[in-house]
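These notes are about the structure you will find just below.
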2 protein chains.
Amino acid sequence: MPRASHRPRLVDVAQHAAVSLATASRALAGREGVSTEVADRIRQIASELGYVANPYARTLASGATSTVGLIVHQVDDPYFSEIAAGVIQLAAEQGLLVQICQSGRDPGYELQQLRHLIAQRVGIVLISGSGYDDPRMESAARAELDAFQDHGGRAAAIGRHALGVDAVLPDNEAGGHALGQHLMDLGHRRIAVAAGSAGLTTVADRLAGVSSALRQRGRSPADLVVVHSDFTRGGGRAAAEQILNEHPETTAIVALNDVMAMGVLSTLRSRRVPVPARMSVVGFDDVSVAADLAPSLTTIRLPMTEMGRTALTLALKPRTTRPRRRPTGHLLIVRDSTGPAPRT
Amino acid sequence: MPRASHRPRLVDVAQHAAVSLATASRALAGREGVSTEVADRIRQIASELGYVANPYARTLASGATSTVGLIVHQVDDPYFSEIAAGVIQLAAEQGLLVQICQSGRDPGYELQQLRHLIAQRVGIVLISGSGYDDPRMESAARAELDAFQDHGGRAAAIGRHALGVDAVLPDNEAGGHALGQHLMDLGHRRIAVAAGSAGLTTVADRLAGVSSALRQRGRSPADLVVVHSDFTRGGGRAAAEQILNEHPETTAIVALNDVMAMGVLSTLRSRRVPVPARMSVVGFDDVSVAADLAPSLTTIRLPMTEMGRTALTLALKPRTTRPRRRPTGHLLIVRDSTGPAPRT
DNA sequence: CTAGGGTACGTAAGCGCTTTCGTAAGCGCT
DNA sequence: AGCGCTTACGAAAGCGCTTACGTACCCTAG
C-alpha cells in the first residue's frame, strides 16, 4: 500500500531540523525541555513544510482528542441552528472540530447518537434539547455521560438539566411567567397553551411559569387550557386547530417555542383569525425569524448563540466535583402578535 | 500513563474468541478469508463486549477515513441549515460522522477552513455556498481539492461549480427567468433586484435569468435596477433602502435569495410600503420560513435537504474522470408577496 | 578536582488497529 | 506418493504520533 498521505510527517520536520522525533514533537507542542532557538527553528521548518500533525496518530498516541460532538434535535430548526452556530464559532477559534448529530427528537435515537459519539472517542460532548420529566428516561444518558467523564471526557448540556453534567440553563419558568403576565396585562383571561411533548422538562418549566403568573393574579391555573403536541411547526398547527375547535373562547395562545408559534400563526392565518385583534400569540426563544413573521412575534428572547459558546466554554474548563449551572438571561420582546383582549 | 480508554479493544475480542488479531479484524470488517462460523462467533463476542473499533487507530492503520467535512457559510442561515440537515441525515444512515465548518461568507477564511479539514484528514469534503466569477478566487480552492482528490479524498460541491469536483447544481438562471416572467405577467415594468455580493456566480446566474425574462418580453435589461449588497437579512434591508430612495418608481423587488427577501420585507414594513399592493417582492430558495413571513413569500423552491443528500451520495460513489453535475429541480411558488403592478 | 543537579536532547516503547506475508492443512489430480 | 492449489488462520510490521526513561553535557558547590 502506498503511504496513506502525501503530507509531511513529523519525521520529515525532524530530519530537516536535524533533531529527534521527540524534540520535534516537544517543540511543536510547546512543551518545555527544548531550547528556545531549537524550538524556533523546528517551528519555522514545520511551517515551511506545511506540516500539520495527523490528528489520528496524535490522538492514538496521547489519548487526547480535539473534537467536540454536538447533539441537536434538528439542525434546520432555528433554535438549534443558532446554538450550533455558537458552538462552531468558538470551536473554530480554539482549533477544535465539531462533529454534529441529529437526534430527531427521539430519546432512543438520541441515546444511540450519544453512544456513537463517545465510541468515536470525541473529547467533549455537548448535548442540547430538552430533558425528560421521567428520570428513567434520562438515566441511561446520564450513566453514559458519567462513564464518559470518569474516563476523561468532558460534557455539557444546553437547555437541559438532570444530566449530571455542567449545563447552561435559561430560566424557563421565569420566561413563562413573563409571558403570562404580559397577556394578563393586556386583559386576556382565556389563555391556551400550545405545548411541546408532555414529559419534557422544558415544557413543564415554561408551563409552570405561565401558571404561576395566572395564580399571582388570583386566577386558577386550572382555567389554563393546555394542548400537548410537539415542538415543531406542524405541532403548532395541530395544537392551534385543537384550541380553536375545542376552546373557541380563547383569546390568547402561548406557544412554548417560536417554531410552534409559527405553526399557530399559520393556522390562524388560514382560518382567517386576525392576530392580534381576535387572538394574541406569543412564542419563546426569539429565533431570528420571529421578527419577520406575520405578524411579528412577541416572545422571550434567549441568547442561543451565546448559550452554545458558553456550553463549550464550560466543557473546556477542568471538571468540578459538582456540575456547574450557568444561567442565561431572558427578555420579553413585545412585537405585533399581542394586543388587548377583544371585548366580549 | 493509564490506558487512554477503558473500552474493549480488538485484542480483547480476539482473546475471547481465541483467534488472532488478524482474524478478528478480518471478521469484523467482513473481509473474506475467515470461515463463516468463526466470523459469526467473533461478531457475536464483539457485540457482547460492546466493542466498537477505535476510529483513530483504524484510520491511522488503514488510511481510510469515515468522516465527512462540510463547509457552509453560516449554519444558522436557513438555506445552509437545510442543506446540513440533509447531509447529516444521510451520513448518519451510512455510519459516517460530519464535521461542520462555517466560512462566514469570507472566501479567504473558507479556503482556510478547507485546508484545515483536509489537514484533519477527513475522507470527504462537501462544500456549499456560491462560487466566484473571478476564476482566480476559485483556483486556490480548486488546487486544494484537486490535490485532495488525487490522494484518495472525495469532494462534492453544493450549488457551486467551477471547482473541478462533482456538483449538485440548481438551475439558477432558469429560476431567475421564472421570477422575471411571473412579475412581467403581473404587469410589473419597474423591477429592481436586491442582489448578493457582486462576483458570486449564484448572483450572476440568477440575475441573468431575470434579465433574459425581460429581454424575452422585448424590454431592455438595462431597465433593470440592480443593487448589490450581500446574501443576509441586513443585506436585504440595505438594498431595499437604496432601491426605495434612488428608484421610487420601482413596483417589484427581486431578492436573489429568501434571506435577503426577509430583509426587504422588513424594510418595506417599517417604511409602511404595502406588499403586494404597492410593491411586490420575490425571493429564491424557498427556505422553510418563507411561507410564514409577512406576507408569505413568492419564491423559487430548491430542494436544499435533498441537495445535501445528493452531494454526499455523489461523493460516496467512485470518482469519475470528468466531474459529474447533478441538476436539481426548481419550482415557482406563488404566495402573497406578489400581486398586480399598481396602476400609475 | 570531583560530586551533585539541572538542562537539552535522543532512544524506544507503545497507542489500537490493518494488512502483507508466511504457513499449515485439506483437497483433487496425476 | 507427490505435486500444486486453495482456504483459514497467525505472526509481525507498520500507520504517525507522544512520552517515559536514559544519557551526555554544563554549571555550581564543596
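Lettering of chains follows the sequences in order, A, B, ..., and the numbering in each one begins at 1.
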Donor-acceptor pair, side chain of [X] and main chain of [Y], under 3.5 angstrom:
X: A:R326; Y: A:A167; result: no
X: A:R309; Y: A:V87; result: no
X: A:S130; Y: A:T202; result: yes

Original post:
Quick one: on DNA chain D, does B:A57 or B:T36 contact a more 5' nucleotide (nearest heavy atom)?
Top reply: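 Of the two residues, B:T36 wins.
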Between [options], which nucleotide has the shortest distance from any of its atoms to the side chain of [X]?
X: A:L21; options: D:dC17, C:dT19, C:dC17; value: D:dC17
X: B:N54; options: D:dC9, C:dC17, C:dA12; value: C:dC17
X: A:R9; options: C:dG16, D:dG16, D:dG10; value: D:dG16
X: B:A61; options: C:dT19, C:dG16, D:dT19; value: C:dG16
X: B:T23; options: C:dC17, D:dG10, C:dT18; value: D:dG10
X: B:L60; options: D:dC9, D:dG10, C:dG16; value: C:dG16

Original post:
Is a donor-acceptor contact shorter than 3.5 angstrom present between the side chain of A:R121 and the base of C:dG16?
Top reply: no
Tell me: [atom1] of [X] to [atom2] of [N], nearest whole Å?
X: B:Q15; N: D:dA11; atom1: CD; atom2: C1'; result: 15 Å
X: A:R41; N: C:dA8; atom1: CZ; atom2: P; result: 14 Å
X: B:R7; N: C:dC15; atom1: CZ; atom2: C1'; result: 16 Å
X: B:R58; N: C:dT19; atom1: CZ; atom2: C1'; result: 13 Å
X: A:E32; N: C:dT7; atom1: CD; atom2: P; result: 8 Å

Original post:
Which is it for A:T313 and A:T310 under the side chain to side chain donor-acceptor pair (under 3.5 Å) test, yes or no, and what are the steps along the way?
Top reply: CA-CA 5 Å; A:T313 308; A:T310 307; 5.6 Å; no
Below the 4.0 Å mark, does [N] have OP1 or OP2 next to a side-chain nitrogen or oxygen of [X]?
X: A:S20; N: C:dG10; value: yes
X: B:Y56; N: D:dT18; value: no
X: B:S35; N: D:dC9; value: yes

Original post:
Any Lys/Arg nitrogen of B:D166 or B:R322 sitting under 4.0 Å from an Asp/Glu carboxylate oxygen of the other?
Top reply: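 No, B:D166 and B:R322 are not salt-bridged.
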Could you check which nucleotide pairs with [N] in any of the strands shown, counting Watson-Crick or G-U wobble with both distances under 3.5 Å?
N: C:dG10; result: D:dC21
N: C:dG28; result: D:dC3
N: C:dG5; result: D:dC26

Original post:
When all nucleic acid strands are considered with a 4.0 Å heavy-atom cut-off, which category describes A:R31: base, sugar-phosphate, or nothing?
Top reply: sugar-phosphate
**OP:** Give B:S25 one of three labels, base, sugar-phosphate or nothing, depending on what nucleic acid heavy atoms sit under 4.0 Å from its own.
**Re:**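 Touches a base.
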Subject >> Nearest atoms (heavy-atom pairs only) where A:M307 meets A:T328 >> reply: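 Taking every non-hydrogen atom into account, CG-CG2, 3.5 Å.
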